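Okay, structure first, notes after.
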Protein chains: 2
Amino acid sequence: MDAIDLSLVDLLRGNARLSYAELARQVGLSAPAVHERVGKLEAGGVIRAYRAEVEPEHIGLNVTALISVVEDSGADTDDVLEAFRAIPEIESCYFMAGVESFLIKVRVGTIAELERLIVRLNRTPGVASTRTSIALSTKWENRPQPLVPPSS
Amino acid sequence: MDAIDLSLVDLLRGNARLSYAELARQVGLSAPAVHERVGKLEAGGVIRAYRAEVEPEHIGLNVTALISVVEDSGADTDDVLEAFRAIPEIESCYFMAGVESFLIKVRVGTIAELERLIVRLNRTPGVASTRTSIALSTKWENRPQPLVPPSS
DNA sequence: TACAGTCCGTGGACGCCATCGACCTCAGCC
DNA sequence: GGCTGAGGTCGATGGCGTCCACGGACTGTA
């Protein structure tokens with residue numbers, strides 16, 4: 001994980017579809033060298049995936065909500081997690097410090113679906129209560145922050 | 001935005017580096033046809049970007065926090081937004097229903113940096129108060145949900 | 001029915017790219 | 001010194017991206 005690896009990661013966070021040849025030009029190495037480095041970054045778990053970022057409204061996901069979840073005292077956190085993982089609407093899941101153990105981000109098509117989802121969450125064994133906040137709009141999401149200050 | 005477009009979006013959300021030839025095989029069209037469709041999806045704003053998803057710890061972002069922001073009464077929301085946009089540590093920004101106008105997700109290297117960031121947020125004109133919750137771990141993030149139920 | 005225009009696809013062609021193997025260079029270590 | 005391994009370059013080759021000409025289905029019009 002040297003400076004060149006960092007540049008590669010930075011470039012791919014900005015545009016995951018850059019060709020190896022283009023990456024090679026940007027970092028000043030040959031294409032096979034870049035190919036090998038990127039392969040190691042993937043194998044080593046640094047790069048987890050390459051994803052197209054899609055405007056959710058265009059694929060029918062019009063409602064975004066963030067839901068805090070309080071666990072039952074004595075609930076098995078792993079069981080709750082496993083139940084959450086099986087719910088595809090939960091796009092992100094953070095395990096939090098504080099009374100509310102989880103904060104999850106969900107996307108559904110309609111408010112009615114959100115209601116059904118909340119009911120389902122509250123029925124999940126180990127879940128004591130939930131608190132839902134609706135996002136009126138997503139200003140931006142997953143903006144990659146520069147890995148090195150622009151000056152260096 | 002027909003069924004084939006949906007499949008293309010779905011495939012690219014799963015792996016943004018699929019070649020046009022591979023996409024073509026999966027949806028049963030020729031490569032040029034897929035090339036054109038994907039181009040239109042990009043131009044039409046359906047596909048916003050292609051991003052490599054990176055394990056944050058590997059690039060020195062060890063602390064994740066979610067911060068709720070309450071605006072001053074009479075604050076200009078657009079000004080606050082603009083100020084937030086200039087803070088690279090804010091990876092996501094949602095405009096919320098409720099007393100807390102914004103919920104932002106930030107990533108920084110250390111707790112000390114988080115402290116400085118919170119101070120900076122509270123000093124931002126238009127910001128009345130903030131409430132920070134620290135994520136102990138990210139269970140998953142931005143998991144793409146299937147666009148069509150697996151049965152159809 | 002005949003015709004023209006549009007949309008959306010296919011197939012062919014050509015240059016660039018991904019990827020493999022052979023080889024080079026340098027650092028560290030017996 | 002000489003061995004070894006890591007990590008690079010170079011060259012070759014097959015596949016891919018991308019441009020272009022062409023063709024069928026559909027639609028509106030005479």
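In what follows, chains carry the letters A, B, and so on, assigned in the order in which the sequence lines appear, proteins first and then strands, with residues in each chain numbered from 1. Since the model is a prediction, treat every value here as computed from it, not as a measurement.
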Of the nucleotides D:dG8, D:dG11, D:dG17, which one has an atom closest to the side chain of A:P32? D:dG11

For A:S19, answer base if it contacts any base atom (sugar-phosphate contacts may also be present), sugar-phosphate if it contacts only those atoms, and nothing otherwise; contact means non-hydrogen atoms under 4.0 Å. sugar-phosphate

Salt-bridged, [X] to [Y], with N to O below 4.0 Å?
| X | Y | result |
| --- | --- | --- |
| B:E141 | B:K105 | yes |
| B:R37 | B:D2 | yes |
| B:E53 | A:R51 | yes |
| A:E22 | A:R25 | yes |

Separation of atom [atom1] in [X] from atom [atom2] in [N], rounded to whole Å:
| X | N | atom1 | atom2 | result |
| --- | --- | --- | --- | --- |
| A:R37 | D:dG8 | CZ | C1' | 9 Å |
| A:D2 | D:dG7 | CG | P | 9 Å |
| B:H35 | D:dC19 | NE2 | P | 6 Å |
| B:L23 | D:dC16 | CG | P | 12 Å |
| A:Y20 | D:dG15 | OH | P | 18 Å |

Note: chain A reaches DNA chain C at heavy-atom distances under 4.0 Å over the stretch, first to last nt, 5' to 3', of C:dC17 to C:dC20

Quiz: residues 58-66 of chain A side-chain donor-acceptor pairs under 3.5 angstrom, not counting sequence neighbours:
unit_1 : atom_1 : unit_2 : atom_2 : d
A:N62  : ND2    : A:G109 : O      : 3.4
A:T64  : OG1    : A:R107 : NE     : 2.7
A:T64  : OG1    : A:R107 : NH2    : 3.4

On DNA chain D, does the nearest nucleotide to A:E36 precede the nearest nucleotide to B:R25 from the 5' side, or the other way round? Give the residue. A:E36

Just checking, is any N or O donor in the side chain of A:E36 or A:Y20 under 3.5 Å from an acceptor N or O on the other one? no

Residue pair B:S7, B:Q26: steps toward the side-chain hydrogen bond (donor to acceptor under 3.5 Å, both in side chains) verdict: CA-CA 9 Å; B:S7 302; B:Q26 302 262 350; over 6 Å; no

Smallest separation among heavy atoms of B:S92 and A:N142, with atom names: OG-N, 3.0 Å

Heavy atoms only: give me the nearest B:L103-B:M96 pair and the separation to one decimal. N-CG, 3.7 Å

To the nearest 10 degrees, how far apart in direction are the end axes of the helix from C:dT1-D:dA30 to C:dC30-D:dG1, each fit to five base pairs? 10°

Measuring to OP1 and OP2 of D:dC16, would you say a side-chain N or O of A:R17 lies under 4.0 angstrom away? no

